[in-house]
Amino acid sequence: MGKTGKTNSGYFFEDFKLGQKLVHATPRTVDQGEVALYTALYGTRFVLNSSVAFAQSLGLSTAPVDDLLVFHIVFGKTVPDVSLNAVANLGYADCRFLAPVYPGDTLFARSEVIGLKENSNGKTGVVYVRSTGTNQRQEKILEYVRWVMVNKRDESAPAPQTQVPDLPEFVSPDNLTPLSTTLTLSAYDTALSGSAHLWDDYEVGEKIDHVDGMTIEEAEHMIATRLYQNTAKVHFDQFAQSKGRFGKRLIYGGHVISLARSLSFNGLANAFHIAAINGGRHVSPCFAGDTVYAWSEILGKAPLKGRTDVGALRVRTIAAKNHPCADFPLMGVGKDYHEAVILDLDTWLLLPRRP
Amino acid sequence: MGKTGKTNSGYFFEDFKLGQKLVHATPRTVDQGEVALYTALYGTRFVLNSSVAFAQSLGLSTAPVDDLLVFHIVFGKTVPDVSLNAVANLGYADCRFLAPVYPGDTLFARSEVIGLKENSNGKTGVVYVRSTGTNQRQEKILEYVRWVMVNKRDESAPAPQTQVPDLPEFVSPDNLTPLSTTLTLSAYDTALSGSAHLWDDYEVGEKIDHVDGMTIEEAEHMIATRLYQNTAKVHFDQFAQSKGRFGKRLIYGGHVISLARSLSFNGLANAFHIAAINGGRHVSPCFAGDTVYAWSEILGKAPLKGRTDVGALRVRTIAAKNHPCADFPLMGVGKDYHEAVILDLDTWLLLPRRP
Amino acid sequence: MGKTGKTNSGYFFEDFKLGQKLVHATPRTVDQGEVALYTALYGTRFVLNSSVAFAQSLGLSTAPVDDLLVFHIVFGKTVPDVSLNAVANLGYADCRFLAPVYPGDTLFARSEVIGLKENSNGKTGVVYVRSTGTNQRQEKILEYVRWVMVNKRDESAPAPQTQVPDLPEFVSPDNLTPLSTTLTLSAYDTALSGSAHLWDDYEVGEKIDHVDGMTIEEAEHMIATRLYQNTAKVHFDQFAQSKGRFGKRLIYGGHVISLARSLSFNGLANAFHIAAINGGRHVSPCFAGDTVYAWSEILGKAPLKGRTDVGALRVRTIAAKNHPCADFPLMGVGKDYHEAVILDLDTWLLLPRRP
């Protein structure tokens, strides 16, 4: 079943069956070291993750681990099974962060195959999996759907019955949970958080240029991707990549997501938590030497069920390379993206509300 | 007041007022991860920071966080307010380390404007701030003055009354505190510390070549500078810098200070604590690819008030690039520094005294 | 005695005496930060080191620190004394891991000179040392022999009596200890560990291509080598190395060992512990930009004394650069290694046995 000999050859398209459940190796404890490295790789400054004292002032036991660090680690565990033979990572949907992760917690990852569709060429197919991250107490901390195009091992293998899951365009705000039930935002100090702008201050349609740019080095994205124990070969092996399509190592798409999130502090400093990722698309590849910029548009606003102290913003964040975002680059000619755009990400972010 | 729109545009010269107090975002917890990264970035080997067991043998609860890691984090917090629009970082003075920082402590930063002087060109001015780092118990752990040349937003803004603070040429040894009141050096083991040379063994005027050299990579200084959550754009954005004065990213001056301190282990291994930075000047810029060397001269010696087990050395440390320091490079022609010199740093270092 | 002036000039050949005992500076506490960095530098995924929850399910108090991280730190401490004036690192033997290291433990290193042999040229000699790592409770956690060729300071210094220690070709399986006496493998979960292949499934003579490749950047090997507080100049100083034999910085041999171990997860995922290093040879130098691949051959199998749940495999691991290992590169023409081979390592690895 996708594992032959002593080494892992991953799952090919015909190895996946609808309803199949995969237990991913290897569980991973996230602790102070991972947290510090994440800061050092992206320069993130969101106050709840940065300061134990601040987190405790809001009713948490300590500073929670950055949402995207959790995402990347869970995602990394699915790679050796789900996407080792992937041709393309096609998309994410319905990603919800369900419970906080604290330093010392151990993350486990599982996936269920929820959709299959062989391509007409008979060589590849699209696999839809719902992946779940749980902690050492079997609490779900993260859930998301992704779909990837995967090679067939044997082109003559029969096509499975096509089943494409029904996925929400975006997560309903009714399904968003605050980071933790013990979190109360009454003591949230905007002098310490870095911005006076709360949920109330953002308007639907508003665009924000996050201004700053960050150049990526080979050592950085490889250190990050290994930190996540993501084993996709295209990120690490220059000898093989030098003979490949781009001639160089591809940067893990999640690295760009984290950079964009970190850059978005300048304009969205009080967006203390990613409650959901509605969808995401890696529009173009990113390589070492590229400088990443980002801008955001507020797509929607919603109060959070039963809470008056916190609200959700639906935010589209665009990352571009080698192109500062004062002109909010998005579409190019026709239906294509602007040539500088590398990421189109749709999230629900939580911010404190004005009392 | 320097903050317009959703993004942070920093303070311009006319935004600063004498006596103004700034609370800097975002507080930061320093823990095992930051400590390990600091070691990995500089290779520092000072025994008190390196070993919990050693620190405990001297009466501390655990190994304190490296003084410069504390400095860089506090400094980094001041950047988005004080120096985002700075033309030049002109100097430091009167920097004193007042209490130990232990893993798990959270650092907060505040500044007070203590001097203002508009330049005659009407385009820029010099701002003097006294910055203070405190921990989660409101204990002061660090205090220093720095002055920067900052752009005016509007050249027609009226000049403030000139006030230049009176700064000590160096911190009086009477104002030095040992790292901690519980620290006793009677059990200090020089076999474990890496050198037999104690406070008593250094002579005023003595020069020490620290011998070793360290080449800096782009990934390293950016990882370090983000670890400090320092957001100064010149360190990170190659796309913008490629069009700038140097054509490349500038390395954070503090990175060079830390490298020089780490190199100084070879010759000053028992200088277990920086009690004060009397002054510092970044003489020339440093870029990725440069190899840093350092040498020191003993400028003064002083006992520590009420202590017979520890003494202070006033040490001038010079860092040079691409120039080994056996010839103690300092001045070039005329009043200029030797072309290889990049840092001129004046510190009070604490060492154990012979019983 | 090898220490002149304020700086450390290391030991020269004539400074070593048979039976001499060296206490190495500086003790080092290994904690969560070191563990996370190690993961980020090599991408290692062995489950016992990766997951606290998994380690606890097997009877350990928490996840032990990776064996090679312990080795590199102890090794690094010996460098300023033993090999600062080394011409070549000739070999390792009889390396045994004797007790687990947990985050928070402090490592101390000592060495004893067990052999001396002046070379016939009168300029250099070979020094054999047995180095020992202990923790803060004076428990031995690691012991190994290495021999290095060291320069003489003064060619006219008399040659010592030649004494070459008797070293085992490989560690007797009777001398292997399981990682910890509290470790029981009955609950070992192969779905979580990443492979179903246990000790029983490997055959003597079996060869495994570990498939994946990893390219090394300058920043990575320097960050790693500083993490180990290894001060050997050849790894860090491009200015000096540019005038040297290779024109570039040499990568610490231990970095390649760790990369090969990490790559070997793909094929040996259940080899949860290195019980011994029988021998190791750095066949050729490795430089930044090189891509490392690895393959292994099973040289022997042995049960572990008094245990039915764990067995030892004697494994030869070969690392090659810029040469994928599907063809198991080893020897070239005559008695020389294949030109791509950079490491030849002989270890005893522990794996769970089938009940």
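Chain letters run A, B, ... following the sequence lines, proteins first, then strands; residues in each count from 1.
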Does the side chain of B:Thr231 come within less than 4.5 Å of A:Asp212's, by heavy atoms? no

Validation row: A:Leu37, B:Leu37 side chains within 4.5 angstrom (heavy atoms): yes

Check whether any side-chain heavy atom of B:Lys6 sits under 4.5 Å from a side-chain heavy atom of A:Glu206, and report yes or no. yes

Specify the closest pair of heavy atoms between B:Thr106 and A:Ala53, including all atoms of both residues, with the distance to one decimal. OG1-N, 3.6 Å

Between B:Thr7 and A:Ile208, what is the shortest heavy-atom contact and its length? CG2-CG2, 4.0 Å

Side chain to side chain contact (heavy atoms under 4.5 Å, CB included) between A:Thr291 and B:Phe236, intermediate numbers included: CA-CA 9 Å; A:Thr291 301; B:Phe236 300 114; over 6 Å; no

Within a radius of less than 6.0 Å around CZ of A:Arg353, do more than 12 heavy atoms belonging to other residues, nucleotides or ligands occur? yes

In short, B:Pro27 meets A:Ser51 closest at the heavy-atom pair O-CB, 3.4 Å

Write out, in numerical order, the residues from residues 213-223 of chain B with a heavy atom short of 4.5 Å from a heavy atom in chain A. B:Glu218, B:Ala219, B:Met222, B:Ile223

Atom group of B:Tyr228 that falls short of 4.5 Å from chain A, counting heavy atoms: neither

Side chain to side chain contact (heavy atoms under 4.5 Å, CB included) assessment of B:Phe239 paired with A:Lys321: CA-CA 9 Å; B:Phe239 184 80; A:Lys321 62 179 186 183; over 6 Å; no

Residues forming a ring pair (Phe, Tyr, Trp, His ring centres under 6.0 Å) with A:Phe265, sequence neighbours excluded: A:Phe46

